[in-house]
Amino acid sequence: MTFEAYLGFTGSAATVYLSGNLTDQQVPALRRLIEQALTRPPSRLVLKMADLTGVSAAAIRCLAFAQQQLPPGAQIVLDGAGEDVRRVLAAGGLDRAVTLVTQTPPTSPAPTSPAGPAGPLAA
Amino acid sequence: MAEVTFTFSELTCGYVTDYRGSRFTLTTLDGRTAVIHLTETTCAQLLRNLGEPYLDVTGELQRYLRPGALVFAYGPVYPDAGGLRFQADKLVFTGEGEVPFRFDEPGWWTGQLTELARFQRRCQFGEGPIDFADYRTEIRPGGHKSPSSVQETDTLSRMVYGMASAYMLTGDEDFLEVAERGARYLHDHMRFFDEAAGLVYWYHGIDVGPSTERKLFASEFGDDYRAIPAYEQIYALVGLAQTYRITGDPVIRADIDGTVRLFEEHFRDPRLGGYYSHIDPVTLSPHHDSLGPNHSRKNWNSVGDHAPAYLINLYLATGEDRYRRMLEHTFDMIVTHMPDRTPGAGPFVNERFHADWTPDHTWGWQQNRAVVGHNLKIAWNLTRMHSVLPKREYAHLARTLARTLPAHGRDGQRGGWYDVLQREANGGRHDFAWHDRKTWWQQEQAILAYLILAGTHPTTPGATGGGQAQGQEQGRREAEQWLRHAQEASAFYNAFFLDHDEGSVHFTVLAQGIPFLFGNERLKGSHAMAMYHKAELCYLAEVYTRLLLRQESVDLWFKPHPDADFPGRLLRVAPDLLPAGRIRLEHVLIDGAPYHAFDADALTVTLPDTAHRVTVKVRLTPTPATPAAAVAAAAGAGGARGGRPVYEANTPAWTRS
């Protein structure tokens, strides 16, 4: 499954939609999306992970780094993370620091900032 | 010289040469003569350790102001017609009679470490159970926690180091429990385990909330902001390695090895050697643009701090050659790249480098400045390493620094060692970068450097470059000088850094020894201070003084797990990297009973197969008649020396061993 990542905003929440296998090679795309999200900055950073088939440690580092840059009180929500993702997350010690939820219904309109399949950010 | 037209107060330190009526004369540490005037209100005290009451000797000046006594005199100074007139408000004596330096007494440093450990435990957990969820990095001067809810990984690990060291010297299991619980907390809360790569790296810290943890992944410290500095990963291991020496805990061992793998795979420069100072928190690359001024840089800490912080202790615990090789690499890089070999260069090493080892004199606060304590730390650790892997370059740099630093980095008027100086001299003097204050950890480096240099000095015939008799005499004098530097630094530290009112140790004192209690430097716990340097000082000063200089035994405690992960099931009990054959294992007690399965010369104990944890108490004793013991005896470690101290700055380089 090809990796894809999109960023969208709903109010003060930023949502990153992820699908495919998030390998080290795809992490720069995720990092760019998160950096763009942090510029607002959001009160909540949601990562839709139901369609992720795998995740690398570098991606978890990216989330850990993102959490540190969020304003106080803002949280990271991982929505629909599978067992593999949860295992890498726990090994990275980040499971205590994020909110894990099972898949929730769509809460946002169509993405406004498509990154494409590991491609550059749209303006 | 500028003319002084106003009064001020000053500290003068020196050796008494004469005492008549209401004044006495002393020779300062840098060889000048000073006359100190006593008044009817002058008060005097004897140096005291933490936990001891004030020791007033005001009524016994005749007894204490004897030739050869080291004294600190503080009071007003008047610009009289005949020169400066020093008046004594307070005097501090370092000892008396047969014990000229109280800190040379057996147990002084162990007692100090016990007090430090109790203070630290009380600050963090009170008298109740040990729960590291309550741990906080920031501790106010009186020992209370500040409102900050941050737990920094390094400071927690430094506390673990202090507690483990306190257990090793005392056998007090409460200290070990703190160390072990802290080590487990680090594993459970501060660790990032990269399962696929087999790497371990450590969060900068966590901000503890009522029900969640906010992870601080990259550094929050200004020098390293939003990067992963080698310095922090190195010090994350400081407490783990010391606890592992005692327990052999396989979980700790795995965490240490995973972090060493991080250093080797992501910090190390495989082409030009050494370790980069920072890596990007996501890519783990030292060359990522996000690193800004830390992009593709190496520094003293990223190369030189491995050894003292964890690597020597890891090698002591395992005896494994891969750690010895890593140690060798770091020291090879230090002697190859850090000394300044440009013509007319000053005594201080370079501390920051580009990837190709070109010195970087533009970085942040450092510019072209020298941290005095880093230079002392090099002298100390090269001397340790030289004991297990003798190299001419190690001994040469250690001794060159030891000979040249006092004239520039030490305060010859008041005692103690300065903080940061300009590397380039201005009119023959290395100006202070900001101030002339003194920090606790740099005193530690001076004490340990000169103790081990004196204790391991090659005063045997044939070890010098000159004739045998002449070389031996010069060597003996040099070893005496180095012991004297250690004692003078210890005197200043014990006289002015111990906080007898609130407990523990001051971060910084003014040049005159007055506590500097402003900003972060007023704190007893902070990003920069926890329980590493002051505990390391106590542990190793006790070891060096007793085993190398006073020819006395030292007892150490260990408590290995039944599944201890020690190679060959051998508990290695060497207290530090010391010259082969200098000490031996005299006896071993396991759970209080004599135990005979040990190698006295290899300093190893074959652990019994048991299902329960055992307590191993070992007695280490010096081998007879080592040259350094004679030096110690001659230099006054066990007896008073009359008159002027034997001290000369910039002694000729008589040896190039």
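Below, chains carry the letters A, B, ... as their sequence lines are ordered, and counting in each starts from 1.
- Chain A is approached within less than 4.5 Å, heavy atom to heavy atom, by B/Ser219, B/Glu220, B/Arg226 from residues 219-231 of chain B, ordered by number.
- Residues A/Phe65 and B/Phe217 come closest through the heavy atom pair N-CD2, 4.1 Å.
- Only the side chain of B/His288 comes within contact range of chain A, with at least one heavy atom under 4.5 Å from a heavy atom of that chain.
- A distance of 12.5 Å separates CZ in B/Arg214 from CD in A/Gln75, rounded to the nearest 0.5 Å.
- Here the CD atom belonging to A/Gln68 is positioned 12.0 Å from the NZ atom belonging to B/Lys215, to the nearest 0.5 angstrom.
- The CD1 atom of A/Ile60 lies 14.0 Å from the CZ atom of B/Phe193; values are rounded to the nearest 0.5 Å.
- Here the shortest heavy-atom pairing between B/Tyr203 and A/Gly92 reads OH-O, 2.5 Å.
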Quiz prompt | Residues A/Arg31, B/Thr283; criterion side-chain contact (heavy atoms from CB on, under 4.5 Å); working and verdict | solution = CA-CA 10 Å; A/Arg31 187 176 191 175; B/Thr283 63; 3.9 Å; yes
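- Between chain B and the options A/Val88, A/Val27, A/Leu94, the largest number of non-hydrogen pairs under 4.5 Å is found for A/Leu94.
- B/Leu284 places a side-chain heavy atom less than 4.5 Å from the side chain of A/Arg61.
- Contact annotation for B/Ala196: neither backbone nor side-chain heavy atoms come within less than 4.5 Å of a heavy atom of chain A.
- For NE2 of B/His287, the number of neighbouring non-hydrogen atoms (other residues, nucleotides, ligands) closer than 6.0 Å is greater than 12.
- Scanning both residues, B/Phe192 and A/Ala57, for their nearest heavy atoms gives CZ-O, 3.8 Å.
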